Amino acid sequence: MTANIAKKTATEGVGFSSDAILAKVNPVHMPRKTLVDNNRDYRWITQKICGIVEEKTPRWWWSCFLVALFVASFTAVGLTYLVSTGVGVWGLRSPTNWGWAIVNFVFWIGIGHAGTLISAILCLLKQEWRTAINRPAEAMTIFAVMCAGIFPVFHIGRFWYCWWMIPLPNANGIWTNFRSPLEWDVFAVTTYFTVSLLFWYMGMIPDLATLRDRAQKIWRKYFYGILAMGWRSSVRNWSNYEMAYLMLAGLSTPLVLSVHTVVSFDFAVSVLPGWHTTIFPPYFVAGAIFSGFGMVLTLMIPLRAIYGLHDLLTQYHIDNMCKVILATGSMVGYGYAMEFFIAWYGANAYEGFAFINRAFGQYSWAYWIMLTCNVFSPQLFWFSKIRQNITLVFIISLVVNVGMWFERFVIIVTSLANDFLPSSWGYYTPTVVDIFTFFGTFGLFGAMFLLFIRFLPMMAIAEIKAVIPRGDPHYYETKSHK
Amino acid sequence: MKLKFTHPEPTENDIVGPKYWKSLEEVAETPEFRQWLEREFPSGASELEGGNRRHFLRIMAASFSLAGLGLTGCRQDEQHMLPYSKEPERNVPGVPLYYATSMPSYRGNIPLIVETHDSRPTKIEGNPSDPYYGGATDVYAQASILDLYDPDRVERSYGANKKGLSKAEVYDLFKKIHDTYKDGGGKRLAFLSEKSTSPTRDKLISELRKVFPGMIWAEYEPVDHDNPLKILQKEFQKHLRPWHHFENAKRVLSLDADFLNGECGHLAYSRGFAKTRRIKNVDEAAQMSRLYMVESNYSITGGMADHRLRLGASQIPAFTCLVAAEIFKQMGGDSKLVELLEEKGKGVVVNGKWIEECAKDLIQHKGESLIVVGSHLPQEVHFLVLALNAELGANGKTVSYVEIPKVEAQSISELADVMRSGEVKTLVIMGGNPVYNAPGGLDWSSLQQKVEEVIRYGYHFDETSLIANIHIAATHYLESWGDGRTWEGAYVPVQPMILPLFEGLSEIEVLGRLSGKENSDPYTMVKETFTELYPKHSFDEWLSVGVIRDEHYSSADIVFDIGRLKEVLTDAQLTPPLLSAENLEIRFLPSSHAYDGRYNNNGWLQELPDPMTRLTWDNAIIISPKLANELSHQSGINLIPQPALMNKMEQMELNAAHFKKGKEEAYIGEVSLHGKMIRGPIHVQPGLADYTVVLPLGFGRKEVGRVGMGTGFDVYPLLASNDVLTIANAALKVTQDRYFLANTQEHWSMEGRAIVREANVESYQAKPDFVKKMGLESHAPSNYGNAKNDSIQVLSKDIPRGGSVYKTPDFQGAQQWGMVIDLNTCTGCSACVIACQSENNIAIVGKDQVLRGREMHWIRLDRYFSSAEEDKSALPHDPQVSFMSLMCQHCELAPCENVCPVNATVHDTEGLNVMAYNRCVGTRFCANNCPYKVRRFNFFDWNKRHAGHFYEGPFGPAGVNELHQMQKNPDVTLRMRGVMEKCTYCVQRIEEAKITQRVKAKDSGNVLVPDGTIQTACQQACPTSAIVFGDIMDTHSAVAELKTGDRNYSVLGYLNTRPRTTYLGRIRNPNRLMPDYYDQPLSRVEYETRYGHETHHEGHTEKELHAHEA
């Protein structure tokens, strides 16, 4: 079957004499990987994905959800304490005026990266394997950005004035400072969040309509009915949908690059040795994709096991994700190496010291954790045996996330702790409040993700259907051919 | 008090005459109004429905006022209120008034000018009218204003069982004492007092003596500086004191004399010394003075030294003999004497060449050289040095001997003897705190308890008050009349700025009452003294100027007898003890935080980092790296951290202390001496004499206010006598216990970075532009591009901004502010830090927050050590020290400004980097991006919440102490939590000067503030005038002239931040012939070895560099 498709594609451009040429050339058949195993049909797919939403709420879900809420309360308590008492409850000090909060911000934003990449860039590049993971990845993006957003908003000294970062006309004629990378962050992150949310929601409309149509209970009918926005699955609907989807994909594509580029400007635009480097934008983006894919794997592997989604999320998908991780992990490793090279090549003593200090100074433990997790651990994905061992993949995906957290920690804290004047050097350690506030965001993320899988179609039903053999308009023709 | 802040009685006219009505009552009296009211429906009432709000309110007001009229009968007596239209003389609201006064001190009163706002003193400044101090102050003077507003000060007098005593009762008490002892002629009555320079007090004491001839008057200072006086008295039968003229000295040898900080007259000496170190160019560099220092501790004077020899204080007497022998030998003196001296100097292990060359240098500058000796050293040494100075022709040139007034007083040990015999029935303790700080040998507290009646006059309720029968509350010097003399002998007033805040009495009032005066008004007494002493001078002028100019003690000629010297020396016991890790010497020093304990409750001083150790809130057992190594070896406890990888890679010097998560974790040591033992944390201090243990006094108070409670440990128990502040035979044991010390500077090394740029006189002469050839900017093309040779005026205003897209700040203001800090004269005394704190309402954060690295000082006085020692992974034993006071640099292209998302930190048109606190949301990005790390963040509501309760948030106690509130400078905003703050160049002073100038200018248009009018708080306090501030657009301003000098450089200039605060490179003046001579200052050596700059670029000609830039 796949051979036929390949054959057909190959013949398309060649014209009438194709058969003769083909016979002459005798092309090797490159079987395409199937994206849904066991030759599942439409009905099965619909049943499978809708079933997750429609089944009785499983007990594990409730326990997970309650645990997640409990964990999330740590953030709530931590932030309440922070706002009521002062930023001093965190471990910040001079010269390390940014600590875990900004580390966490960059960490979560980075995680949010894979979603858009999968939805937009892979869509434009017609990478059909994205269909199995784009929906949860987008959801992950949105929730991760929400978690990320907490930190820059709350880390400021006077939380109640955080709205001053928004350029609003006021009587004093004071505008925000458009030269500040933090201001760019405001725009970059809000844009990213808005577009991601739109993209996610729009992509869900056909599936929401499916859920609506299958709904047995009146509240479900209304709930999904409203969300489906009157989708009738008409050709006109589909035509508009496809166009809008493509446009949003086009819009989001630069965002994939811009958000983390802008976030990296928080550091690159400064004068600090270790921050002031031009390599940051590409290397932050690579790192973000790296961590994003890590998180997708972390989320999807358990879900796959719980809901038996092996036919939809195949080894092929996992393989691909592992390869992306391998590629981006290596890019990140290249970034680390290049930083060192430039620090030496630049002959700037402060710069040189900053990097040697990173690797061998007081925070070297963090540096080596980072290097192990980010550069060495993904190298294991060169081996297909490892890519096929789901447990190992899951563990490495966790390791990648840990490593990326440490990367941000290393960049932020080591550069600040030992900068230009040795007299002001200091050592930063987080407090319990720092730690719990961050810990709580996992609860928040988890709770939101659990709500997502409970109430929304976890995978893109319509899109998956389009990539199965039956989705090919010529499927039956070719079949009869055979 | 000069001004009466009472309103004049209302005149008839005020009350009856036509005027605006002041109250509704008043207006209600007019017939028209009454008539209008009494109509049932006042006109306009019908308009209510039309919604005329104004009318409605009028009606309501009228009704209320009528209601009020009805009730007046039940109220208190009617009192007249008058508007504040007739204000007290010269009091313009919002404009501060300045009064001259002086801070009483045994070391010489410090003449002051005090800024008052609405009659609250808020800031202490030095009085520039005094020719010797010239406006200099020290940390204690600067911080003394906080004591006035100390909430823990005694508010009233107390009798037995802490029963409050009214002022009248106190007077009765004094009368009773007077009456009781009058008949007996003062038998069994004793006084113990602090020393003072007040002529009025002296007069009262003699009056007291007349009434009570049999009384005991004893004086006591825990840190005594009277050794030179005693020997001079003995030898010349006159009350003489040496007065050093450092301004005339080209060569100085200091024998353990910290004359820039610890010794008496330190402020005048700092000023004099700085004069010989302040150089404008290469030519003047040749005229620079040279300082040889031999010392046990690492004092800030040692920091200024060109040659510094570490030697235990107990070795210094013998060492002095060796120096003397050498000098006499070289000058062809009496060979017998030389022999004697060499004999006496035996046992000191020291490089003979050092002494030889030093002596040679001193002799070569005969008449311009000077030897000074620490007042803690034995009297014989003082006598010997006196002889040496005479021999070196110093008398009358670099030193003179002045006759000072003398008060007959007994010592505390003499008094103690009498007390022990039970001869004292009533003891009056005037100030001081003997229970805490009397030498441990006296066992004062049990002696005091034996006395039947102890009356304690003091400012705080302290250890002594606790076991006294009666505590009489004292006033602060800013709220009481008095007088005194400066170290040089100028007569200065102590003028109150404010009526006593509480029911206290001044010292002279107490003495006056005790001597039986019915009217003991201190003002009258001071005026009397003044008129007696200076009948031709005007009292008012004296008060307003604050000093009688050109007045000083008259110098006496002394004839020195060399034979007498021999006699003195022959009898003297100067043999140095053999010091080792088992036989240590203790050096007791007043601490930089609490002095002898009297400032223990002063938060500013407690939080002020010690210039050398950088410790706050504690004292420590300070030992040398060598001793630390040996003790570590013995005990197996590592006092010095193990070298880490970075140390071994020679990328970073070894820290001097263990830092655990950024907090200095010190091992507790036990110092024992003659069977007594004290415990305290050990701090390793590079540069200390090997076997000297420095113990700062003034900590570990038992009965003290909230600030001082729990700080440090008490070392007085080891102190045998107050005139022996050095003692050998001590032992130090290290224990496993640990303690966190709040150290504000973790790292002592500059790491070879071109931060403090230094040269020796010779290398400076060879390369006058050495500062420009250091640092990364020497490699990079000039930041200013083609305009690099333009004048600073052009550069600062009309930018070559490096082709920046942004026409960054608009520097179109007529005046452009800038600052220069001369590293050559900055001694590191830290007066600027406190002056800044006082002027700018900078919060105290407490030890816990300092440990967390959150101190708020706007000026950070960085201290770096640099060494030439081979072993880079060990601590330096003999480092040079470099100080650099670092505050906001007011960069023209400020990295903090472009990263603030809300435009809270921006530039003004006059080149200031200003901070809009109200706009700040606290992202802290500015602080991160500040390469100088001079921005300070309010992590908590320091000003609203109480120290120790910061973490309780809204549940903790809130509110500002009323007394503390009074100290605040109303011209400076109090910052709330969550905002960033930093040095503003005292923008409030700039603005005030500009307004004054504009008022003065009227229509003339001459609105430029003249140079020297604006003095920033730090500049004003600086005893060595190392800080110069002014307008750099004015080519003749002091600051512009300094900025065009060849030593001017910007810290981290390569970042192109273009700071407005620049530094003048430090020049050391070592003697080429000395054994410890280095071609370059050690910081420079470190720089060269680390970055190999000099060798690398030696071949570059000026032309090549230019080509490079083009």
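In this text, all values refer to a predicted model and were calculated from it rather than measured experimentally. Chain identifiers are assigned alphabetically (A, B, ...) following the order of the sequence lines, protein sequences preceding nucleic acid strands; residue numbering begins at 1 within each chain.
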Legend entry - Distance-only donor-acceptor check, side chains B:R935 and B:T905, under 3.5 Å: yes
Legend entry - Engaged part of A:V433 at the chain B interface, taking heavy atoms whose separation is under 4.5 Å: neither
Inset, instruction - Under 4.5 Å heavy-atom distance to chain A, tell me which part of B:F937 shows up: side chain, backbone, both or neither. - result: side chain
Inset, instruction - Check whether B:P954 gets within reach of chain A through its side chain, its backbone, both or neither, counting any heavy atom under 4.5 Å. - result: both
Legend entry - B:M649 versus chain A, the contacting section by heavy-atom distance below 4.5 Å: side chain
Inset, instruction - Using distance alone, with no hydrogens and no angle criterion, decide if A:Q362 and A:N418 have a side-chain donor and acceptor under 3.5 Å apart. - result: yes
Inset, instruction - Would you confirm whether B:Q651, through its side chain, and A:F353, through its main-chain N or O, come within 3.5 Å as a donor-acceptor pair? - result: no
Legend entry - Main-chain N/O of B:E653 paired to B:E751 side chain as donor or acceptor, under 3.5 Å: yes
Legend entry - Region of B:Y864 that comes under 4.5 Å of a non-hydrogen atom in chain A: side chain
Legend entry - Proximity breakdown for B:A644 and chain A, heavy-atom pairs closer than 4.5 Å: neither
Inset, instruction - May I ask you to name which of A:G157, A:P181, A:G352, A:P273 has the most heavy-atom pairs under 4.5 Å with chain B? - result: A:G157
Inset, instruction - Could you check whether the rings of A:W100 and A:W405 sit parallel, tilted or perpendicular, using 30° and 60° as the cut-offs? - result: perpendicular
Legend entry - Under-4.0 Å salt bridge between A:E339 and A:R358: yes
Inset, instruction - Mind telling me whether A:F409 and A:Y428 have parallel, tilted or perpendicular rings, with 30° and 60° as the class edges? - result: tilted
Inset, instruction - Could you look at B:R919 and say if it's the side chain, the backbone, both or neither that has a heavy atom under 4.5 Å from chain A? - result: both
Legend entry - Part of B:R977 within contact of chain A (heavy atom distance under 4.5 Å): both
Legend entry - Top of A:W164, A:F159, A:W275 for chain B proximity - count of heavy-atom pairs under 4.5 angstrom: A:W164
Legend entry - Contact class of A:A417 relative to chain B, heavy atoms under 4.5 angstrom: neither
Legend entry - Residue list, salt bridge (Lys or Arg N to Asp or Glu O under 4.0 Å) with B:R975, at least two apart or on another chain: B:E981
Legend entry - Side chain, backbone, both or neither of B:V1051 within contact of chain A (heavy atoms, under 4.5 Å): side chain
